[in-house]
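Heads up, the thing below is written out as structure tokens.
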Amino acid sequence: MAAAGSGSLSIVEYCGSGSGYTCGYCKSSAGNLSHGMWAHAMTAQDYQDLIDRGWRRSGKYVYKPLMNQTCCPQYTVRCSSLDFQPSKSHKKVLKKMLKFLVKGEVCRGAEHDTGEPMESHAEVLISPSFESKDDMGVSESDLRFLEADQEEAGEKGRAKDDGCASNNQETCLGVITDQKVLPCPEAAAPQAAAAPKAGTGADPNKPPCRKAKELRKERRLQKVLQRQQDSTTDLQAATSKAKGSQQKSIEDFIFETLPDTVAHRLEVRLVPVSTDDPGFSETFSHSAALFAKYQMSVHQDAPSECGEIEFTRFLCDSPLEAETAPGAPDCGYGSFHQQYWLDGKLIAVGVLDILPRCVSSVYLYYDPDYCFLSLGVYSALREIAFTRQLHEQAPDLSYYYMGFYIHSCPKMRYKGQYRPSDLLCPETYTWVSIEQCLPKLENSKYCRFSAEPGAVDKDCVKDLGQVQVLYKRRRMPYRVYKKMRKGPNDETTVQQYASLVGQTCAERMILFRG
């Protein structure tokens, strides 16, 4: 596993926008328009910055929809995992899973449930100039040598991440939340005014004489006050208990202690996407077979469209190299498969990218025979809980990215049900609460969400000459490449690429030029 900032470099090959592809949502034959590039290698930080500009990967192909032209605009959506509160429907799914595990109960009519609608993977029609970084014939020493030259030219180095991670995984966030929210009944009860003590007078050493009738009346009053206080305390306790029930966290459901004897056992494993990892290699055939079953059943793919080659290209090939860095979680950054094993059988796999600021959901596939468990919703809730766990180790990591929100496709609106969530403005690349975005999307499928009229992309291209280029196996800034290059001028293409990835990434990533 490489350490972040220890020679790791992102190398990309920009492909342009193309002429349009088949849309997996509205089924338009050529309405799906996007920019794309092959990522032969990519650091976690670079990909984090790219998805914060509307990019998303499918295998090693990274694409960005042409938002104001494509048939179904796709807005990047993220959920604040730390502030997430499950809805009634979410709790219903969690309870359904618990009943199934403990008692084997299957909800009536659940066999007709088709599960969450999933995004179909699109074919990539543009082939890369080379298959892998190793095929380029560029050594790390060559790149480092040219990096030194760049430093002499005044190139700014990448800032190192600071921070110290906490390794305490045993703290239950749900319990912490409950402890903060639920008042103690004794403390919550209003303090009644203390009744005057018998014999208290102007001179406490000489209590005045009092009649027996007055004393009896005072004792009766004290009893009435005590009963009222007890009643108030009981009411506060009942209210507190009801409030606690309403605010039960997803961790309370997911990590609930089960009895020794249960009908089914569910195990969730996190497996790095690497052939060097035994857990990945040993379960590859099971995972590939499950993918094929899911694609043929849910998306009606032909067997030739979802074999092991397609599975590897789409869900196993990743440009992200495993990284460790200060402030990173124990598992590091990179691509992972979160596997769900029920009684020793693989029933679902969530493909995840763990990045400096988020857990990004790439895809989910599951066994259609278990669709009655609403595995799409259940896995999303598990991934939100997982993001919270990682936050305990990596404080900067707190968001759960769900891919694209597509308002023009009703089946894809379910991603907006995980609140609080934000949508990415396609013009300013700032995050806006989904509640503010939905009214605009009802009027137009393409919207600028930012409410500031003069706001622009803060990371727009400021110096094209500083864009990093790989030319003839040498890394150089664009201003040097421009003088060396012979042939047609490609400044328009490089300008378009830089404007899409932003100045920061354009100076860090290396753009391959043949």
Side-chain angles (χ1 to χ4, degrees), residues 17 20-28 30-36 48-57 62-90 116-120 122 357-361 376-377 380 384 398-461 496 499-502:
S17 58
Y21 312 111
T22 302
C23 178
Y25 307 106
C26 70
K27 308 306 178 184
S28 170
N32 185 5
L33 301 171
S34 63
H35 300 281
Q48 174 73 71
D49 291 345
L50 285 179
I51 62 175
D52 284 338
R53 294 181 64 84
W55 292 84
R56 182 166 168 79
R57 76 175 184 88
V62 189
Y63 62 98
K64 184 182 189 302
L66 258 163
M67 298 292 286
N68 59 349
Q69 298 180 36
T70 191
C71 55
C72 297
Q74 302 166 54
Y75 299 92
T76 303
V77 58
R78 72 177 186 181
C79 171
S80 175
S81 68
L82 303 185
D83 301 318
F84 173 77
Q85 290 293 334
S87 65
K88 289 183 179 179
S89 62
H90 293 151
E116 286 292 291
M118 303 305 300
E119 298 177 23
S120 298
R357 293 191 295 275
C358 75
V359 170
S360 175
S361 175
V377 176
I384 291 174
S398 61
Y399 287 98
Y400 173 59
Y401 283 46
M402 297 171 280
F404 288 137
Y405 174 82
I406 308 171
H407 194 77
S408 57
C409 179
K411 289 194 300 182
M412 297 305 297
R413 293 184 184 181
Y414 73 92
K415 294 185 179 182
Q417 297 172 3
Y418 298 85
R419 305 289 179 90
S421 56
D422 308 309
L423 297 183
L424 186 69
C425 177
E427 296 181 9
T428 62
Y429 301 116
T430 54
W431 295 99
V432 181
S433 170
I434 195 170
E435 286 85 0
Q436 299 178 37
C437 301
L438 293 180
K440 296 181 179 180
L441 290 172
E442 288 294 329
N443 297 323
S444 173
K445 64 181 183 180
Y446 171 76
C447 298
R448 171 194 168 100
F449 298 137
S450 176
E452 300 179 35
V456 296
D457 173 18
K458 293 183 179 179
D459 199 31
C460 61
V461 180
Q496 184 183 65
S499 66
L500 293 170
V501 303

Measuring from [X]:[atom1] to [Y]:[atom2], what's the distance to the nearest 0.5 Å?
X: L438; Y: N443; atom1: CG; atom2: CG; value: 11.5 Å
X: I384; Y: S80; atom1: CD1; atom2: OG; value: 10.0 Å
X: R56; Y: T76; atom1: CZ; atom2: OG1; value: 8.5 Å
X: S408; Y: Q74; atom1: OG; atom2: CD; value: 8.5 Å
X: D457; Y: T430; atom1: CG; atom2: OG1; value: 9.5 Å
X: Y405; Y: I434; atom1: OH; atom2: CD1; value: 5.0 Å

All side-chain contact (heavy atoms from CB on, under 4.5 Å) counterparts of [X], not counting sequence neighbours:
X: C437; answer: L423, V432, F449
X: S499; answer: V461
X: S433; answer: D422, E435, Q436

Over all atoms of both residues, closest heavy-atom pair of [X] and [Y]:
X: A451; Y: P453; result: O-CD, 3.2 Å
X: S89; Y: S87; result: OG-OG, 3.0 Å
X: R357; Y: D52; result: NH2-OD2, 2.6 Å
X: P65; Y: G54; result: CD-O, 3.8 Å
X: C425; Y: S450; result: SG-N, 3.5 Å

Given W55 and V501, is the side-chain contact (heavy atoms from CB on, under 4.5 Å) satisfied, shown in steps? CA-CA 8 Å; W55 292 84; V501 303; 4.0 Å; yes
What I want to check is whether the side chains of E442 and H407 have a donor and an acceptor closer together than 3.5 Å.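 Judged by distance alone, the side chains do pair up.
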Counting N and O atoms only, with roles assigned by atom type, does the side chain of [X] sit under 3.5 Å from a partner on the main chain of [Y], one being a donor and the other an acceptor?
X: K415; Y: M402; answer: yes
X: Y418; Y: F84; answer: no
X: R53; Y: Y429; answer: no
X: K445; Y: C72; answer: no
X: S421; Y: C79; answer: no

Less than 4.5 Å apart, any side-chain heavy atom of I51 and any of C358?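 Yes; the side chains approach each other to less than 4.5 Å.
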Chi angles and distances behind the side-chain contact (heavy atoms from CB on, under 4.5 Å) call for Q69, Y446: CA-CA 9 Å; Q69 298 180 36; Y446 171 76; over 6 Å; no
Over 60° means perpendicular and under 30° means parallel, so classify the ring planes of Y399 and Y401, tilted if in between.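 Correct class here is perpendicular.
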List the steps, then state whether side-chain contact (heavy atoms from CB on, under 4.5 Å) holds for S17 with H35. CA-CA 4 Å; S17 58; H35 300 281; 3.6 Å; yes
